[in-house]
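Position 1 is the first residue of the sequence, and the numbers go up from there.
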Amino acid sequence: MTKSAIVVIGPGLMGRKHIQMIQDHPHCALAGIVTPRCATSRDIGERHPDTPIFDDLAACLAAGAPDGVIISSPNEFHYEQAKLCIERQIPVLIEKPITPQHDEAAHLVELAERHGAKVLVGHHRVHSPLLTTAKAVIDSGRLGRLVAIQGSAIFYKPADYFEAGPWRTQPGGGPILINLIHEIGIMRTLCGEIAAVQAIASNRVRGFAVEDTVAINLQFRSGALGTFLLSDTGASAHSWEQTSRENPVYPSYPDADCYSVTGTLGSLEFPTMRLRAHPTPQSASWHVPMVEEVVPVTREDPLARQLENFLEVIRGVADPIVPAFDGAQNVRVAEAIHRSSQTGSLVGLDA
């Protein structure tokens, strides 16, 4: 099989992961790295002496169109870089969020449809076997009709996190726009489209000009309801990073969960995959013990699975698992939650 030539824009934390995965994959070739001229670019050049380094994407594409582009640059550059790839019909993987603002994201969706371009958004958790297995349990009907979802992303970010990036203490740098975008994608995958949100935010612990804790109510189009607690100042194990065991840089607590999905017949704790359910509607009663089991999961790296999907998209044998529309919709919900956290009002999304 011919190797797919892929360019990576932005060799930061995620960009370096993409570069390494491309180099380790038997069907990929690193065709170029795009980064501004600075100390970082010199370091990247020394690390990858056989890879062309470009100042900007236009110069890179002028040297020859690659088979695909991965955008892992700062969020503010996503729109223009993705637009250039889409207009040239080069398959592109855009790290989440697709753009910081929904209006820009919506324009990329329209542009991709107009040009017939292939766009995959880097919500890599959607590729996790944990999530696909949970979705399969829900779709099987074993939980009955969905009633509710409870979720949390609670963790403690140390002082040096904010010292290294003072922008994280200012509007736009809080956990709603940094962390919650992942969770929105998870909840939409499990429970469908979100129709309305209501949120209360606090910054009382750190006193920054941005939220540190947010309580969120959600209404899904299906009629199911949800609650989500988000905090980057709570010392807790109840977050995806500390329960999924998918990123070794975080301590793992394998008995902890970050989601509980409940239906008329039973509930699924996630990601321990503990299932408690009544076998039939006739047996559903709080007086009748539920059957308990742990749903088996074959663990795989979701970033590796995402790269496989991108390669299939490049070859034209599969559709993006997270297309541009989903990336844009996740940003839209995040914006609605942020707006509600400022006003306390219910914000609808179906209008």
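The local environment of CG in L346 is crowded, with over 12 non-hydrogen atoms from other residues, nucleotides or ligands closer than 6.0 Å. For CZ of R245, the number of neighbouring non-hydrogen atoms (other residues, nucleotides, ligands) closer than 6.0 Å is greater than 12.
Judged by distance alone, the side chains of N330 and H123 do bring a donor and an acceptor atom under 3.5 Å apart. Remark: the H102 side chain and the Q329 side chain contain no N/O donor-acceptor pair separated by less than 3.5 Å. Judged purely by distance below 3.5 Å, without hydrogens or angles, the side chains of S345 and Q198 never pair a donor atom with an acceptor atom. In the model, N179 has no side-chain atom that pairs as donor or acceptor with a side-chain atom of E183 under 3.5 Å. At a cut-off of 3.5 Å, with distance as the only test, a side-chain donor of Q23 or H48 sits close to an acceptor on the other residue. Side-chain atoms of Y253 and H238 include no donor-acceptor pair closer than 3.5 Å. Side-chain polar atoms of S260 and E269 form a donor-acceptor pair below 3.5 angstrom. Neither side chain, T227 nor N217, offers a donor N or O lying under 3.5 Å from an acceptor on the other. Checked by atom type, the side-chain pair T262/S267 shows no donor-acceptor distance below 3.5 Å.
In this structure the side chain of V261 never reaches within 4.5 angstrom of the side chain of Q150, judged on heavy atoms. Side-chain contact between L111 and K83 is present, with heavy atoms from C-beta onward closer than 4.5 Å. Side-chain contact between I33 and F54: absent, with no pair of heavy atoms (C-beta onward) separated by less than 4.5 Å. Between L218 and F228, the closest side-chain pair of non-hydrogen atoms falls below 4.5 Å. Side-chain contact between I314 and K118: absent, with no pair of heavy atoms (C-beta onward) separated by less than 4.5 Å. Side-chain atoms of I19 and P11, non-hydrogen and from C-beta on, do get closer than 4.5 Å to each other. Considering only heavy atoms from C-beta on, K157 comes within 4.5 Å of F155 through its side chain. In this structure the side chain of I71 never reaches within 4.5 angstrom of the side chain of E95, judged on heavy atoms.
The residues E110 and R114 are annotated as salt-bridged, a charged nitrogen and a carboxylate oxygen being separated by less than 4.0 angstrom. By the 4.0 Å N-to-carboxylate-O rule, D139 lies close enough to K135 to be salt-bridged with it. Comment: E241 engages R125 in a salt bridge, judged by a side-chain N to carboxylate O separation of less than 4.0 angstrom. Looking at R142 and E293, a side-chain N of the basic residue comes within less than 4.0 Å of a carboxylate O on the acidic one, giving a salt bridge.
Shown here for T213 and S231, the closest heavy-atom pair between the two residues is OG1-OG, 3.0 Å. Closest of all the heavy-atom pairs between T272 and A256 is CG2-O, 3.5 Å. When all heavy atoms of V210 and G173 are compared, the closest pair comes out as CG2-C, 4.2 Å. Contact between L268 and V295 at its shortest, heavy atoms only, is CD1-CG2, 4.4 Å. Here the closest non-hydrogen pair linking G122 and K96 is O-CG, 3.6 Å. In plain terms, the two heavy atoms of A5 and P66 that are nearest each other are O-CB, 3.5 Å.
Side-chain atoms of R274 never come within 3.5 Å of backbone atoms of E292 as a donor-acceptor pair (strictly under, hydrogens ignored). Between the side chain of S252 and the backbone N or O of P248, no donor-acceptor pair lies under 3.5 Å. Proximity of a side-chain donor or acceptor of H124 to a complementary backbone N or O of P302 within less than 3.5 Å is not detected. Using modelled atom types, no side-chain atom of S340 and backbone atom of I337 make a donor-acceptor pair closer than 3.5 Å. Without hydrogens or angle criteria, T133 side chain to L130 main chain gives no donor-acceptor distance under 3.5 Å. A side-chain donor-acceptor contact under 3.5 Å links D257 to the backbone of F270. Within the 3.5 Å criterion, the main-chain N or O of P271 finds no donor-acceptor partner in the side chain of T243. Counting only distance, with no hydrogens or angles, the side chain of H25 and the backbone of H27 share a donor-acceptor pair below 3.5 Å. Judged by distance alone, the side chain of H78 and the main-chain N or O of P100 form no donor-acceptor pair under 3.5 Å. Although no hydrogens or angles enter the test, the distance criterion places a donor-acceptor pair under 3.5 Å between the side chain of S244 and the main chain of W240.
With rounding to the nearest 0.5 angstrom, the CG atom of D103 is 12.5 Å from the CZ atom of R332. Distance CG/D212 to CG/D232: 6.0 Å, rounded to 0.5 Å. The distance from atom CD1 of I176 to atom CG of L230, rounded to the nearest 0.5 Å, is 6.5 Å. Taken to the nearest 0.5 Å, the OG1 atom of T343 stands 8.0 Å off from the CZ atom of R339. With rounding to the nearest 0.5 Å, the separation of CZ in R305 from CD in E300 is 5.0 Å. For the atom pair S236 OG and I154 CD1, the distance stands at 4.5 Å (nearest 0.5 Å).
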Pair E211-S202, side-chain hydrogen bond (donor to acceptor under 3.5 Å, both in side chains): steps then yes or no: CA-CA 5 Å; E211 75 282 348; S202 172; over 6 Å; no
Verdict with reasoning, E308 to H127, per side-chain hydrogen bond (donor to acceptor under 3.5 Å, both in side chains): CA-CA 10 Å; E308 290 297 337; H127 299 261; over 6 Å; no
Please determine whether side chain to side chain contact (heavy atoms under 4.5 Å, CB included) holds for the pair M187 and L190, giving the CA-CA distance in whole Å, both sets of side-chain angles, and the decisive distance to 0.1 Å. CA-CA 5 Å; M187 289 188 285; L190 295 178; 5.9 Å; no
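Residues V109 and V322 do not share a hydrophobic cluster, defined by chaining ILVMFWY side chains whose heavy atoms lie under 4.5 Å apart. A single hydrophobic cluster is not seen to contain both F77 and V34; linkage of ILVMFWY side chains at heavy-atom distances under 4.5 Å, directly or through other members, places them apart. By the criterion of side-chain heavy atoms lying less than 4.5 angstrom apart, applied directly or through intervening Ile, Leu, Val, Met, Phe, Trp or Tyr residues, L349 is grouped together with I98 in one hydrophobic cluster. The cluster map of Ile, Leu, Val, Met, Phe, Trp and Tyr, joined by side-chain heavy atoms under 4.5 Å apart, puts I70 and V313 in different clusters. Follow the hydrophobic side-chain contacts under 4.5 Å out from L265 and you never reach I149; the two are in separate clusters.
Ring to ring, W167 and F162 are not that close: their centroids are 6.0 angstrom or more apart.
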